[in-house]
Amino acid sequence: MRICMIGAGYVGLVSAACFAEFGWRVDCIDKQPQRVAGLRRGEMPIYEPGLDDLIERNVRAGRLTFDTDIAAAAAVADIVFLAVGTPMRRGDGHADLSYIFDAVDDLAPHITGFTVITTKSTVPVGTSRRIEQRLRALRPDAEFAVCSNPEFLREGSAIEDFMRPDRVLVGCDDDRAEDVMRRLYKPLSLRDAPVMFTARESAELAKYAANAFLALKISFINEVADLCEKVGADVQEVASAIGRDRRIGDKFLHPGPGYGGSCFPKDVSAIIRTARENRAPLTLIETVHHVNEERKLDMAQRIRKALGGQLEGKTIGVLGITFKPNTDDIREASSLTILPILLHDGARVRAYDPQGRKHGEEALPGVEWCEQALTVADDADALVVLTEWNEFRALDLDELKSRMRGTVLLDMRNIFRPQDAEAAGLTYQGIGRPQTVGETETNRAGEPLIQKAG
Ligand code: NAD
């Protein structure tokens, strides 16, 4: 089986390397010459744990190659995957399909023999049909079928997710293509991963529905966390209690500074557009989008409040800028909303991220970058944890405190224990936990609602 993977980004590279690991021969095409040249030298354009070894092994075995030119790879391919970006379109928030259709145009002249063309990119309902129509117009003579095979991997654990998926989803309405896709995924079905075949529209929509639901779960627990703070409950305890209910499940019940990343914000926005266009509005998901946007602003407000309402002249140390740990991806991360507000209002912002600095330097002008986590605390009036990298969990709180000018620790991922922070002399504020920073709020009768910890 010969595979041509168009796009060497997070999804394309991981998928190409994993298919090669199954034993298939994979040619991975990317239009960025520097990216391809780097990959040929063994340099990874992205950070994903384990990816460098997997690629190195499969390149050495002769199963994985990289190129900028699609011609040769497309001509011999049984399957061509489209794994290019589908970012949010400026203006209306829909998915920008220009990369998809550019790739289809590049591919069309080189289709030789029966070829299955499959979208791995997240694309709106109806895109497979549109690709088919476009290819049919460009190459009326070609033999091909278009399938949808959305990818559910998570950055940071992408290889494990690809190799042990909860399910593989293939939208397909062609028997020959179904045979090819079954053969492709046989190594996974032999490991008991369910390979589901559905209508193409169902597969396309399922990807968006999955991300919208996960975003909803995050926004739900974020709002519950706000309520916990008002009534003296601890969201960790609430999440743990409800998560044990199998109807609810314990995943995606971690409160934080709002979801980000390359998928949730744009996919939520795109499914909202699709739903409106089809006059079946997803009002629940529209609210999720709104709640998440507000949350990021609210987090900046919390920092201001914890510093007495004034950011001018304050130094704020930030731990983590990526949208989650184990990735260098900062697309739509909450840091991109929060840090510019702090800077705009006169704060000095010093940040450290184990992998995010390269992208951060471009996206966050004005931020001072530290070489290690501890030095972020130097002269800081407040420390803010935005990403739950493991290396932050073991930080010595006494040392952090001794380097700081102030005492405020805003732990927006709840990675520290409040009592440990307080024992180190820090004034701790987590998310959805009883508060020690800020004013005690009262109910209508003037009784305190928030119990001061300790
Ligand atoms: P990415 O931006 O990391 O990578 C896309 C790559 O495609 C880039 O290297 C770009 O140079 C290349 N490219 C664009 N047009 C090309 C063309 N015509 N020919 C060759 N190469 C081309 O994107 P990504 O994060 O890998 O996402 C790709 C798709 O997968 C998106 O639709 C995304 O929504 C979806 N997805 C992403 C994730 C994730 O965790 N990143 C998970 C599931 C699904």
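Note that ligands are numbered from 1 as they come in the structure, with each ligand's atoms numbered from 1 the same way. Please read these numbers as outputs of a predicted model, since none were measured by experiment.
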Asker: Phe162 pairs by ring pair (Phe, Tyr, Trp, His ring centres under 6.0 Å) with which of Phe19, Phe152, Tyr10?
Answerer: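 Going through the options one by one, the only one that passes is Phe19.
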Asker: Apply the test salt bridge (Lys or Arg N to Asp or Glu O under 4.0 Å) to residues Asp96 and Arg273: give CA-CA distance (whole Å), side-chain angles for both, the deciding distance (0.1 Å), then the verdict.
Answerer: CA-CA 12 Å; Asp96 176 355; Arg273 295 298 312 173; over 6 Å; no
Asker: Return the set of residues passing side-chain hydrogen bond (donor to acceptor under 3.5 Å, both in side chains) with Tyr259 (not counting sequence neighbours), or none when no residue passes.
Answerer: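 Expected list: none.
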Asker: I'd like to check the side-chain contact (heavy atoms from CB on, under 4.5 Å) partners of Glu223; sequence neighbours left out, ordered by chain and number.
Answerer: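 Per chain and number, Glu223 pairs via side-chain contact (heavy atoms from CB on, under 4.5 Å) with Val291.
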Asker: So does Asp27 pair up with Arg25, basic N to acidic O under 4.0 Å?
Answerer: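 A salt bridge links Asp27 with Arg25.
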Asker: List the residues meeting salt bridge (Lys or Arg N to Asp or Glu O under 4.0 Å) with Arg35, not counting sequence neighbours, and say none if there are none.
Answerer: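 Applying salt bridge (Lys or Arg N to Asp or Glu O under 4.0 Å) to Arg35 gives none.
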Asker: Tell me which residues fall inside the under-4.0 Å heavy-atom shell around ligand 1.
Answerer: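 Ligand 1 pocket, heavy atoms under 4.0 Å: Ile6, Gly7, Ala8, Gly9, Tyr10, Val11, Ile29, Asp30, Lys31, Gln32, Arg35, Ala83, Val84, Gly85, Thr86, Tyr99, Ala103, Asp106, Ser121, Thr122, Glu151, Leu153, Glu155, Lys207, Ser262, Cys263, Lys266, Arg331.
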